[in-house]
Amino acid sequence: MTRLSLAVRVAAILALAALAGAEDYDLLVRDARVVDGTGAPWRRADVAVRGDTIVAVAARIKGSAKRVVLAGNRVVAPGFIDLHTHARQGIFQSPAADNYVRQGVTTLVEGPDGSSALPLGPFLDRVEALGPGVNFASLVGHGSIREAVLGRADRAPAAAELARMQELVRQAMREGAFGLSTGLFYVPGSFARTEEVVALARVAGELGGIHTSHMRDEAARVLDSVSETIAIGEEGQLPTQVTHHKMIGRAAWGRSAESLRLVQQARERGVDVTIDQYPYTASSTALQAALLPSWALEGGAEALRSRLADPAARARILEVVKDKIQNERGGGDPRNIAIAACGFDHALEGRTLADILEGRGLPATVEIAAVLALEIVERGGASGIFHAISDEDVERILVSPYTMIASDGEIPGFGQGAPHPRSYGTFARVLAVYVREKGLLTLEEAIRKMTSLPAARLGLGDRGLVRPGMKADLVVLDPATVRDRATFDRPHQYAEGVSLVVVNGQVVFDGERMTGARPGRVLRGPAFILPAPVQR
Ligand SMILES: [Zn+2]
């Protein structure tokens with residue numbers, strides 16, 4: 001046989017082998033510390049992936065793979081599941097969701113705080129058609145449903161209106177929602193009484209959904225709010241969750257001891273209540289939601305304008321704003337409130353109310369800051385960052401076995417504005433600060449809070465664990481170096497220490513770069529009904 005014919009034959013064999021899929025696996029991660037997501041201690045093993053599925057987890061797996069990753073001393077864990085994100089716009093602008101992927105996140109859940117796309121089905125179809133880099137799921141928002149039926153009216157629904165709202169919950173569940181989110185802090189959710197929420201939660205629960213709440217109050221009446229969230233689960237007969245649990249303002253500091261006791265007691269009597277949290281001592285939301293009374297927002301922007309034009313109403317609103325800067329989200333000092341994004345004046349972004357006042361030659365008192373805050377709201381509004389949470393509460397809530405990690409973040413335009421660093425840092429920060437530096441959690445427990453716990457919450461039976469048969473959403477990271485780099489001053493910085501991220505078996509982040517692959521799927525909830533097949 002000539003050398004040429006041998007080469008031809010070898011090439012032919014290789015080509016045939018490739019056609020037949022002769023490699024045993026598509027991806028093989030060798031010699032990893034496997035943190036499997038259950039909370040069990042890591043064990044040294046190889047992880048083999050074929051197609052979109054983990055097919056083997058064992059020591060020294062034999063066989064070949066299209067791609068072999070030598071994990072060395074690094075950890076392989078299930079991809080992180082973030083069940084509180086505001087990614088509705090961002091997923092279309094940055095479908096790869098780099099800020100999340102670089103922390104190891106492989107599934108985003110949208111529709112939190114009572115606010116979701118409505119109708120949900122067409123929105124999820126659009127995300128599916130887009131082809132995101134990560135898996136994408138959604139809740140249906142109570143506030144969105146209420147607004148569709150009642151507008152921004154501060155009243156209870158009539159029987160027929162309530163029935164219509166229930167029908168919208170049912171429809172969204174059938175279209176793939178994982179449950180009902182409420183934002184009883186925000187207009188118009190704040191106008192709903194508990195009974196209304198229970199009536200809607202029952203529908204979600206009957207269809208296998210959960211309830212998760214941005215509670216009515218996270219400051220002076222936070223314990224009442226935790227009780228209300230528990231009551232919604234108990235009377236609505238469905239799993240219920242206190243989302244982004246925190247204690248806002250000095251007067252509420254320390255009360256997490258009591259809120260956790262309420263959760264514990266509820267669980268002991270059989271109420272399925274859990275918590276999620278982001279690991280920062282500042283929150284972020286719209287300035288007007290954080291500082292204005294909700295009665296001032298009834299009826300929408302036009303109604304607010306006319307109230308502010310009335311001197312008596314304006315004075316009453318101003319009193320509330322002062323009180324909230326003094327005792328709630330302002331933590332008693334205008335230095336604690338920074339502008340995150342401001343459409344009418346980008347120059348304000350990243351500056352605190354105190355800073356803006358001093359720039360105008362004014363003293364940074366609470367009174368004058370309240371006037372400035374109203375001025376910003378009147379000129380078109382802004383989102384803010386509010387430093388008014390204590391480390392002690394963050395830590396106490398974090399170590400509760402019922403607490404999972406969720407960012408409450410978004411997919412920001414890279415470099416735009418001064419958003420809360422949670423969008424870039426949440427998961428890496430838990431691993432760096434609370435596992436490695438403070439030693440408050442084991443690595444395995446922290447990862448459980450990012451994987452199997454949220455997966456179980458959502459009823460995702462095939463994600464959240466490194467185990468044969470599960471979908472291959474994986475992250476490889478170095479527990480000695482993983483860290484968040486995003487700060488309040490410089491938020492647009494990616495996390496470090498994650499070296500590989502796999503979504504449905506495909507590599508989306510490879511050490512230093514995003515690969516461009518977009519293997520994410522839209523995940524549909526427990527009551528999803530496939531459209532009827534076309535009859536021939
Ligand atoms: Zn929220």
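What you see is a predicted model, and the numbers here were worked out from it, not measured in a lab.
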If we only count heavy atoms from C-beta on, is the Pro519 to Val508 side-chain gap below 4.5 Å?
yes

Taking atom types as modelled and ignoring hydrogens, do the side chains of Arg457 and Thr274 form a donor-acceptor contact shorter than 3.5 angstrom?
yes

Between Thr243 and His214, does any side-chain donor sit less than 3.5 Å from a side-chain acceptor?
no

Ignoring hydrogens and angles, state whether a donor on the side chain of Ser225 or Asp217 is under 3.5 Å from an acceptor on the partner side chain.
no

Sequence neighbours excluded, the answer for salt bridge (Lys or Arg N to Asp or Glu O under 4.0 Å) partners of Arg261 is none

One thing to verify: whether Glu392 and Arg396 come together as a salt bridge, which I'm taking to mean a side-chain N less than 4.0 angstrom from a carboxylate O.
yes

Could you state the interatomic distance from CZ (Arg146) to CG (Leu118), rounded to the nearest 0.5 Å?
14.5 Å

A cation-pi test, strictly: NZ or CZ of Arg316 under 6.0 Å from the centre of the six-membered ring of Trp295 and no more than 45 degrees from its axis. Yes or no?
yes

Under 3.5 Å, which donor-acceptor pairs link side chains of residues 337-352 to any protein atom two or more places apart or in another chain?
unit_1, atom_1, unit_2, atom_2, d
Asp345, OD1, Ala347, N, 3.0
His346, ND1, Cys342, O, 3.4
His346, ND1, Glu349, OE2, 2.8
Glu349, OE2, Cys342, N, 2.8
Arg351, NE, Asp355, OD2, 3.4
Arg351, NH2, Asp355, O, 3.4
Thr352, OG1, Ala354, N, 3.4
Thr352, OG1, Asp355, N, 2.9

Using side-chain contact (heavy atoms from CB on, under 4.5 Å) as the criterion, list what pairs up with Glu128, not counting sequence neighbours.
Asp125, Val522, Arg524

Glu218 side-chain N/O to Met215 backbone N/O, donor-acceptor pair under 3.5 Å:
no

So, are Lys246 and Asp393 salt-bridged, with charged N and O less than 4.0 Å apart?
no

Roughly how far, to the nearest 0.5 Å, is CD of Glu110 from CZ of Phe178?
13.5 Å

Which pairs, with at least one residue in residues 367-421 and sequence neighbours excluded, count as a ring pair (Phe, Tyr, Trp, His ring centres under 6.0 Å)?
Tyr278-His420, Tyr280-His420, His387-Phe488, Phe414-His492, Phe414-Tyr494, His420-Phe488

Ionic contact status for Glu196 with Arg193, cut-off 4.0 Å
no

So, using salt bridge (Lys or Arg N to Asp or Glu O under 4.0 Å) as the criterion, who are the partners of Arg513 when residues are at least two apart?
none

Going by atom type alone, with no hydrogens or angles, which donor-acceptor pairs under 3.5 Å involve a side-chain atom of residues 356-382 and a protein atom two or more places apart or on another chain?
unit_1, atom_1, unit_2, atom_2, d
Glu358, OE2, Arg335, NH2, 3.1
Arg360, NH1, Glu375, OE1, 3.0
Arg360, NH2, Glu375, OE2, 2.9
Thr365, OG1, Ile368, N, 3.1
Glu375, OE2, Arg379, NH1, 3.2
Glu378, OE1, Arg314, NH1, 3.4
Glu378, OE1, Arg314, NH2, 2.9
Glu378, OE2, Arg314, NH1, 3.0

Just jot down the side chain to side chain donor-acceptor pair (under 3.5 Å) partners of Arg255, sequence neighbours excluded, or say none.
none

Sequence-distant partners of Gln89, side chain to side chain donor-acceptor pair (under 3.5 Å), two or more places apart
none

Sequence neighbours left out, what passes side chain to side chain donor-acceptor pair (under 3.5 Å) with Glu395? Give chain and number order.
Lys438

Check: Gly37 main-chain N/O paired with Ser452 side-chain donor or acceptor under 3.5 Å
yes

Would a distance-only check, ignoring hydrogens and angles, find a side-chain to backbone donor-acceptor pair under 3.5 Å from Ser116 to Gly111?
no

Among pairs that include at least one residue of residues 83-116, which meet ring pair (Phe, Tyr, Trp, His ring centres under 6.0 Å), considering only residues two or more places apart or in two chains?
His84-His86, His84-His244

Test of understanding: with side chain to side chain donor-acceptor pair (under 3.5 Å), list the residues that count as partners of Thr85, not counting sequence neighbours.
none

Go through the structure and list residues passing ring pair (Phe, Tyr, Trp, His ring centres under 6.0 Å) with His245, not counting sequence neighbours.
none

